[in-house]
Amino acid sequence: MEYFPLFIDLKNKNCLVVGAGEIAARKIELLAKAGANITVIAPKISTAVTQLADNHAQINIIQKAFAATDINQQRLIISATNQTEVNRLVARTADSNNIPVNVVDNPSLCSFIVPAIIDRSPVIAAVSSGGTSPVLARLLRTKLESLIPPAFGRLAQLAEKYRSAVKENINPPAQRRIFWENVLQGSIAELFFSGKETEAEAQLQAAIQQTAKTADTSGEVYLVGAGPGDPDLLTFRALRLMQQADVVVYDRLVSAEILDLARRDAEKIYVGKQRNNHSLAQESINELLARLAKAGKRVVRLKGGDPFIFGRGGEEIETLVEQHINFQVVPGITAASGCATYAGIPLTHRDHAQSCTFITGHLKDGSINLNWQQLVVPKQTIVIYMGLVGLDKICQSMMQYGASPELPIALIQQGTSQSQRVIIGTLDNMAQKVRHEDIQPPTLIIIGSVVSLHDSLKWFQPEKNVR
Ligand code: SAH
């Protein structure tokens with residue numbers, strides 16, 4: 001992190017602005033909103049600044065050139081002149097007096113930078129690009145503006161008004177948090193945003209009474225598909241639940257970037273499994289989820305791809321059903337879909353394949369029992385999960401059962417991530433090819449004539465492996 005973000009109280013604190021042009025005017029206005037006592041020093045004063053001073057008693061204009069002696073005990077200083085020498089002098093003097101200084105549009109002279117803000121006071125969201133690109137920060141602000149309705153600040157005031165009532169009536173804290181989340185993003189908030197503030201408040205009062213009566217301390221489990229790797233492929237619901245969860249239980253396929261999106265103070269429990277060592281671990285995971293939910297926690301069980309595709313999601317919720325624990329399942333983009341798309345390989349295509357089969361290539365006792373006769377039928381695509389170890393056997397068996405040795409096959413490593421690699425071969429040379437490559441898990445195999453489209457349709461250029 002290049003900068004430490006903070007919000008500073010400037011009410012009745014002395015601040016200095018050097019410069020009195022249009023840009024200075026914007027800074028002065030912002031400081032005035034925060035209640036600062038502002039001294040403006042500049043030899044020439046723009047009408048914008050004069051008008052501000054006319055309207056705000058706490059703005060004091062001194063019309064003169066800046067001198068180092070003007071710096072004196074201020075809480076912070078902003079230099080907004082177009083004179084490089086003046087800006088430098090302000091920065092240097094402020095720094096030697098240990099006063100935070102910002103020189104507009106000149107990060108190298110700044111000891112603090114001013115973020116782009118969305119003001120829904122008392123709620124303020126601030127965005128910074130760390131001085132690298134103010135335009136980028138402003139674009140992000142525009143996006144956030146559309147997400148945070150103008151009445152958000154008043155909603156915060158309403159929440160504050162009822163904070164202690166909720167605290168008295170609703171226990172334990174986890175229950176309280178769920179209550180507030182439901183209020184602040186549910187029908188009461190919608191009512192409030194649509195202008196029916198009195199009605200919203202009445203409903204809030206009713207909800208407090210209702211929840212106090214029926215308070216139940218049991219938690220919930222959200223079985224969430226995290227997609228194949230690229231965090232951008234999460235669903236909105238996955239993200240929302242991750243941000244509400246008290247605990248995140250995750251395994252090997254969930255990337256660090258995705259985990260980072262979970263609520264910051266959520267407990268994170270790794271339950272990654274080793275290949276060939278499933279059964280016991282799976283039972284303890286099922287029990288862990290049930291135990292956490294019974295302790296009143298909201299648990300996100302985060303799984304790679306889709307929880308219901310080779311994810312053992314079914315087994316995990318069976319235990320929850322047996323123990324009468326509330327749960328939801330959130331689908332995710334499965335590896336077949338994510339990898340095929342990012343490799344430019346359509347899984348079906350009118351000229352190549354009318355069906356697509358997902359199979360597991362996981363070896364049981366060293367062999368793979370699949371319906372080979374069905375898998376070699378032409379005009380279909382076969383997607384193999386967990387197939388790297390059995391790749392040789394798979395290719396051999398398909399050829400034995402009559403598939404053409406020329407049938408194209410793709411191996412996709414770490415699909416949709418910046419380390420994605422796509423290796424293309426045929427049934428008779430793929431195992432050999434792969435042996436010479438340093439392959440990193442996870443990998444997915446796609447077999448079928450659609451693989452031939454990769455060359456012309458590939459579009460995704462990961463940073464690390466452009467080949
Ligand atoms: N539930 C997951 C699959 C879990 S099985 C899903 O729907 O995607 C684990 C296998 O998925 C891995 O062995 C690999 O074959 C495949 N896989 C998952 N993510 C992948 C990725 N990003 N790239 C390539 N293969 C992946």
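These values consider heavy atoms only, across backbone and side chains, with no hydrogens, waters or symmetry-generated copies. Ligands are counted one by one from 1 in listed order, and the atoms in each one are counted from 1 as well.
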Which of the ligand 1 atoms, numbered from 1, are nearer than 4.0 Å to a heavy atom of [X]:
{"X": "G304", "answer": "1 (N), 2 (C), 6 (C)"}
{"X": "T334", "answer": "6 (C), 7 (O), 8 (O)"}
{"X": "A335", "answer": "6 (C), 7 (O), 8 (O), 16 (C), 17 (N), 18 (C), 19 (N), 20 (C), 26 (C)"}
{"X": "L444", "answer": "24 (C), 25 (N)"}
{"X": "L253", "answer": "4 (C), 9 (C), 18 (C)"}
{"X": "Q414", "answer": "22 (N), 23 (N)"}
{"X": "I309", "answer": "1 (N), 2 (C), 3 (C), 6 (C), 7 (O)"}
{"X": "C339", "answer": "21 (C), 23 (N), 24 (C)"}

Judging by distance only, is a nitrogen or oxygen of [X] under 3.5 angstrom from one on ligand 1?
{"X": "G387", "answer": "no"}
{"X": "D306", "answer": "yes"}
{"X": "P228", "answer": "yes"}

Looking at [atom], what's its closest protein heavy atom, distance included?
{"atom": "atom 15 (O) of ligand 1", "result": "T443 O, 2.6 Å"}
{"atom": "atom 10 (C) of ligand 1", "result": "M386 CG, 3.8 Å"}
{"atom": "atom 20 (C) of ligand 1", "result": "P442 CG, 3.5 Å"}
{"atom": "atom 11 (O) of ligand 1", "result": "Y385 CD2, 3.3 Å"}
{"atom": "atom 23 (N) of ligand 1", "result": "G415 N, 2.9 Å"}
{"atom": "atom 4 (C) of ligand 1", "result": "F310 O, 3.2 Å"}

So, [X] versus [Y]: side-chain donor-acceptor pair below 3.5 Å or not?
{"X": "Q282", "Y": "E316", "result": "yes"}
{"X": "S108", "Y": "N106", "result": "yes"}
{"X": "Q440", "Y": "D438", "result": "yes"}
{"X": "Q432", "Y": "R435", "result": "yes"}
{"X": "N87", "Y": "T84", "result": "no"}

Problem set entry | Main-chain N/O of A156 paired with E160 side-chain donor or acceptor, under 3.5 Å | no

Exercise. Is the backbone N or O of P331 less than 3.5 Å from a side-chain atom of D306, with the two atoms forming a donor-acceptor pair by type?
Worked result: no

Short N-O contact, [X] and [Y], less than 4.0 angstrom:
{"X": "E181", "Y": "R298", "value": "yes"}
{"X": "K27", "Y": "E22", "value": "no"}
{"X": "R312", "Y": "E315", "value": "yes"}

Exercise. For ligand 1, does K303 get within less than 4.0 Å through its side chain, its backbone, both, or neither, judged by non-hydrogen atoms?
Worked result: neither

For this session: Just let me know how T360 lines up against ligand 1, side chain, backbone, both or neither, with a heavy-atom cut-off below 4.0 Å.
Result: neither

Exercise. Can you find a non-hydrogen atom of I412 under 4.0 Å from ligand 1?
Worked result: yes

Exercise. Can you list the steps and then say if Y270 with Y250 is a ring-ring contact (aromatic ring centres under 6.0 Å, His included)?
Worked result: CA-CA 5 Å; Y270 176 71; Y250 67 103; 5.4 Å; yes

For this session: On the 0 to 90° scale, with breaks at 30° and 60°, tag the F358-Y385 ring pair as parallel, tilted or perpendicular.
Result: tilted

